[in-house]
There are 2 protein chains.
Amino acid sequence: MHFAEIIKTLKERREVLNVTQENLAELSGVGLRTLKQLEGGKGNPTLLTLQKLAEVLGMEVCLKIRTITSDK
Amino acid sequence: MHFAEIIKTLKERREVLNVTQENLAELSGVGLRTLKQLEGGKGNPTLLTLQKLAEVLGMEVCLKIRTITSDK
DNA sequence: TAAAAAAGAGCTGTATAATGCACTTTGCAG
DNA sequence: CTGCAAAGTGCATTATACAGCTCTTTTTTA
């Protein structure tokens, strides 16, 4: 996943779960300002921030080996 | 994957590929110092840094929905 | 369509990620 | 052993992620 896609995925997931930015910020421990900036496409979150958000959204950050064939 | 596991995976992957920290730093555009610290377990890399490293190592950072059952 | 809620933006301070340089330690080959 | 290459550490600087506060804009909903 490229950069923007990861951010977009987080945002979409939050929306699907019907959680407000404010709630997610509180639940995850990430500052509201930080979350807003992220979703606005400005920023370069740290792994810790990503994980805090993903955790609450029932997601997980992972690293996988890229395959030659598109595994779509 | 939890935090340390991601870092460990990167390091192991680098070793499997027989790439030195120096090479990886150059190839990825990440500073050598940064890479050393990361692998040493100190730090909290940004998504951009992670992706630059993963890219060179033939890996990819992804976000996936956590399933209830262990999908091990 | 007005009120309320959510999202986004400016301003700003603090913490720390990223980086280079020089030096030490470790691991391996000769 | 000895020497070289790779890995790890201390120090210092710069850039920027994180954060809160306040205000504006957009979206929802009553």
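Naming: A, B, ... by sequence-line order, numbering from 1 per chain.
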Which listed nucleotide (C:dA18, D:dA7, C:dA7) is nearest to the side chain of B:Pro45?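 Ranking C:dA18, D:dA7, C:dA7 by closest atom to the B:Pro45 side chain puts C:dA18 first.
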Taking the side chain of A:Lys42 as its heavy atoms from C-beta onward, which of C:dA9, D:dC18, C:dA7 lies nearest to it?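 Of the candidates, C:dA9 comes closest.
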Could you walk me through whether A:Phe3 and B:Val61 pass side-chain contact (heavy atoms from CB on, under 4.5 Å), step by step? CA-CA 9 Å; A:Phe3 195 94; B:Val61 178; over 6 Å; no
Sugar-phosphate, base or nothing in reach of B:Thr20, heavy atoms under 4.0 Å: sugar-phosphate
When all nucleic acid strands are considered with a 4.0 Å heavy-atom cut-off, which category describes A:Gly41: base, sugar-phosphate, or nothing? nothing
Closest nucleotide of DNA chain D for A:Asn44 versus for B:Lys11: which of these residues is on the 5' side? B:Lys11
In whole angstroms, how far is the C1' atom of D:dA17 from the CG atom of B:Leu50? 14 Å
Return a single string for nucleotides 20-30 of chain D, one symbol per nucleotide in 5' to 3' order, where B is base contact, S is sugar-phosphate-only contact and - is none, cutoff 4.0 angstrom on heavy atoms. BB---------
Locate the shortest heavy-atom distance separating A:Val19 from A:Arg14; write the atom from each residue and the value. O-NH1, 2.8 Å
Net bend of the helix from C:dT1-D:dA30 to C:dG30-D:dC1, end axes of five pairs each, nearest 10 degrees: 60°
Think [X] has a side-chain N or O under 4.0 angstrom from the OP1 or OP2 of [N]?
X	N	value
A:Thr49	D:dC18	yes
B:Thr46	D:dT16	no
A:Thr34	D:dA17	no

Start with the C-alpha gap between A:Leu63 and B:Arg13, add the side-chain angles, then the distance that decides, and say whether side-chain contact (heavy atoms from CB on, under 4.5 Å) holds. CA-CA 11 Å; A:Leu63 251 186; B:Arg13 176 77 175 161; over 6 Å; no
Indicate every side-chain donor-acceptor pair of residues 23-33 of chain A with a distance under 3.5 Å to a residue at least two apart or in another chain.
| from | atom 1 | to | atom 2 | distance (Å) |
| --- | --- | --- | --- | --- |
| A:Asn23 | ND2 | A:Thr20 | OG1 | 3.3 |
| A:Ser28 | OG | A:Leu24 | O | 2.7 |
| A:Ser28 | OG | A:Ala25 | O | 3.3 |
| A:Ser28 | OG | A:Val30 | N | 3.2 |

Do other residues, nucleotides or ligands put more than 12 heavy atoms under 6.0 Å from the CD atom of B:Glu22? no
